[in-house]
Amino acid sequence: IGILQYRYTATDICGNSQEAVHTITYKVDNEAPVLSECPEDLYLGCNPDEIPEPPTLTAHDNCEVAEIIFTESPIDSNGCLRTITRTWVAVDSCGNQSEVCEQKIYYTENDTAPVITCPEDMMLDECNPESIPPPMIDSVAVATSCNGEVIEYNGKYYMLTSASGNWPLINAEALAVGGNLVAINDQAEQDFLLAAFGSDDTLWIGLNDVDTEGTFVWTNGDPLTYTNWSAGEPNDLVPGEDYVVMNWSANGAWNDFGPGRPDFPEGGYRGIIEMDIPPYTVSAEIFSHDTVGCEAVLVYEYTVTDICGNSDTCRQTITYKVDEEPPVIAECPADIDLGCNPETIPDFIPPVVTDNCGIMSLDSTVVNSNDGCNYESVVTWVATDSCGNRSIECVQRITWTVDTIAPVIECPEDLFLGCNPDSIPPMVKPIVTDNCSDVTINGSQRTSTDGCTKIIERTWIATDACGNSD
């Protein structure tokens with residue numbers, strides 16, 4: 001506090017005088033107030049239930065209690081990113097102002113469901129499979145409504161930011177969704193990013209030298225083991241080139257860049273977010289599992305839920321055959337005996353076959369054989385359905401005899417019994433042989449007289465099974 005005193009003396013013409021003191025008090029204060037600790041920026045994720053109330057800050061001043069002025073900006077929207085800026089400043093009665101305390105609150109806002117793409121439907125080749133493929137969660141493709149397709153590589157998940165702007169804003173979106181701007185650790189990862197996001201758009205990455213000029217570090221703390229600078233970069237061309245973009249030149253090359261450059265685009269750039277876990281969860285359950293006839297249909301339903309709580313579903317169908325019932329040969333053709341010397345041998349006629357599933361093959365094997373004059377053709381039919389079930393065998397035989405040779409008779413020699421024989425020898429069957437079969441022998445005799453001579457003529461006829469005779 002400053003005090004200024006004026007002393008006034010009044011003297012009249014008679015020499016009488018009187019004194020008076022005039023005091024002026026004023027403040028002397030050129031020292032600004034100091035705010036208490038400034039709150040850190042907040043990253044609230046997606047669709048937060050509420051925005052935290054601003055904290056109450058205090059300030060101290062060398063002279064008196066200062067007034068604290070608080071302001072909160074309207075919500076700024078950029079893509080799905082939302083930003084609230086809060087400021088505090090302390091002002092004392094002399095108008096001295098503290099440094100401005102600024103807190104930013106970042107979150108994303110999204111009420112649109114992600115897009116899920118199911119694994120392809122499957123038709124299993126195997127019938128009656130012992131096991132059915134489980135849900136193929138790793139084959140589900142997901143595109144978020146804010147950040148587009150999420151691509152997995154080497155255990156990490158990558159997507160573009162929804163917002164475009166300067167590096168701090170883009171980095172804020174990465175942090176708000178639980179990730180970081182990408183750290184590129186080798187040529188393979190660089191090649192992946194080029195294949196995934198292309199080389200046409202300039203994109204922010206997580207490399208920066210904000211803390212120490214010329215010492216570039218990754219925001220996620222990874223060591224700097226790989227670089228892909230454009231020729232002549234980094235060069236800190238203008239103050240504030242503290243951040244790095246890729247796709248500045250061919251092959252995705254990098255450049256240090258910042259908003260102080262005259263060629264910095266009005267809308268800024270998007271960035272690549274890298275996450276240890278996907279920004280969504282995928283679950284699967286059996287939606288239905290039915291069998292109609294011989295066809296079983298299993299339907300998996302996959303549900304994806306993003307970090308904002310939005311969800312989408314898709315279904316995958318797996319079809320396979322269930323058939324343990326063999327085909328049935330309804331009526332096996334009867335055996336056929338063609339007799340002797342048939343002019344033609346008929347073709348085998350396939351049997352009638354039925355199957356519960358209706359798809360089958362009918363296979364046959366034919367074996368021809370003969371035993372002397374006896375011939376046999378044997379066909380064996382087997383029906384097999386598409387699941388490999390086999391019917392009981394059906395066997396049909398066609399038999400016939402080939403014989404055009406007559407039996408051979410060894411005829412007894414003629415007998416001369418002399419005069420008045422006491423008896424006539426009985427009729428004895430001759431010895432007969434045949435090349436093929438048993439023989440039927442029929443004998444007869446005829447007696448005739450020629451003077452005193454009697455003649456008995458005995459005749460035998462041998463006939464085989466094919467009618468050949470002698």
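For this chain, numbers begin at 1 and follow the sequence in order.
- A 4.5 Å side-chain heavy-atom check between Glu285 and Tyr302 finds every atom pair outside the cut-off.
- Atom CG of residue Asn389 and atom CG of residue Asn356 lie 8.0 Å apart, to the nearest 0.5 angstrom.
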Next on the checklist: Run Arg82 and Asp76 through salt bridge (Lys or Arg N to Asp or Glu O under 4.0 Å) and show every step you take.
Outcome noted: CA-CA 6 Å; Arg82 305 291 180 261; Asp76 178 71; over 6 Å; no

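- Side chains of Asn374 and Thr401: a donor on one and an acceptor on the other come within 3.5 Å.
- Taking the ring centre of Phe287 as origin, the terminal cationic atom of Arg315 falls inside the region bounded by 6.0 Å and 45° from the ring axis.
- Of all the heavy atoms in Leu42 and Gln103, the pair that sits closest is CG-NE2, 3.6 Å.
- Residues Asn255 and Ser230 bring no donor and acceptor atom of their side chains to less than 3.5 Å of each other.
- For Leu338, the side-chain contact (heavy atoms from CB on, under 4.5 Å) test picks out Ile336, Pro342, Ile345, Pro346, Ile398, Trp400, with sequence neighbours left out.
- Pairing each heavy atom of Ile349 with each of Pro333, the nearest pair is O-CG, 3.6 Å.
- Contact record, Ala462 with Val439: CB-CG1, 3.4 Å, taken as the closest heavy-atom pair.
- The shortest heavy-atom contact between Met246 and Gly252 is CB-O, 3.6 Å.
- Going from atom CG of Asp201 over to atom CG of Leu160 covers 8.0 Å, rounded to the nearest 0.5 Å.
- The shortest side-chain heavy-atom distance between Tyr243 and Val210 falls under the 4.5 Å cut-off.
- Annotation for Cys146 and Arg270: closest pair O-NH2, 4.4 Å, computed over non-hydrogen atoms.
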Next on the checklist: Under the criterion disulfide (SG to SG under 2.5 Å), I'd like the reasoning laid out for Cys357 against Cys387: C-alpha separation, chi angles, the key distance, then a yes or no.
Outcome noted: CA-CA 9 Å; Cys357 292; Cys387 286; over 6 Å; no

Next on the checklist: Would Ile184 and Trp218 count as a side chain to side chain contact (heavy atoms under 4.5 Å, CB included) here? Give the steps.
Outcome noted: CA-CA 9 Å; Ile184 306 173; Trp218 295 111; 4.2 Å; yes

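- A heavy-atom distance below 4.5 Å is found between the side chains of Trp460 and Pro412.
- Taking CG of Leu57 as the reference point, atom SG of Cys38 lies at 7.0 Å (rounded to 0.5 Å).
- Residues Asn180 and Thr219 meet the side-chain proximity criterion, which asks for heavy atoms closer than 4.5 Å.
- For the side-chain hydrogen bond (donor to acceptor under 3.5 Å, both in side chains) criterion with Glu173, the lone passing option out of Asn78, Asn147, Thr108 is Asn147.
- Taken together, the cysteine pair Cys314 and Cys118 places its SG atoms within less than 2.5 Å of each other.
- Of all heavy-atom pairs between Ser164 and Leu169, the closest is O-CD2, 4.3 Å.
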Checklist entry - Going through the checks in order, is the salt bridge (Lys or Arg N to Asp or Glu O under 4.0 Å) test met by Lys321 and Glu295? => result CA-CA 5 Å; Lys321 288 186 177 179; Glu295 185 175 80; over 6 Å; no

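- By the 30° and 60° cut-offs, the orientation of the rings of Phe257 relative to Tyr269 is tilted.
- Screening Asn110, Asp312, Thr112 against Ser145 for a side-chain hydrogen bond (donor to acceptor under 3.5 Å, both in side chains) leaves a single residue, Asn110.
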Item to check | Verdict with reasoning, Tyr153 to Phe192, per ring-ring contact (aromatic ring centres under 6.0 Å, His included) | outcome: CA-CA 8 Å; Tyr153 169 76; Phe192 156 74; 4.4 Å; yes

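- Taking the six-membered ring where the residue is Trp, the centroids of Trp254 and Phe216 are separated by 6.0 Å or more.
- Cys436 has its SG atom at least 2.5 Å from the SG atom of Cys466.
- Looking at heavy atoms from C-beta onward, Gln190 lies out of side-chain contact with Asn251 at the 4.5 angstrom threshold.
- Glu189 and Tyr158 share a side-chain donor-acceptor pair at under 3.5 Å.
- Residues Leu193 and Val182 meet the side-chain proximity criterion, which asks for heavy atoms closer than 4.5 Å.
- A 4.5 Å side-chain heavy-atom check between Arg86 and Phe70 finds at least one atom pair inside the cut-off.
- Considering only heavy atoms from C-beta on, Val217 stays 4.5 Å or farther from Leu224 through its side chain.
- Under the side-chain hydrogen bond (donor to acceptor under 3.5 Å, both in side chains) test applied with Lys104, the options Asp41, Thr83, Thr85 reduce to a single match, Thr85.
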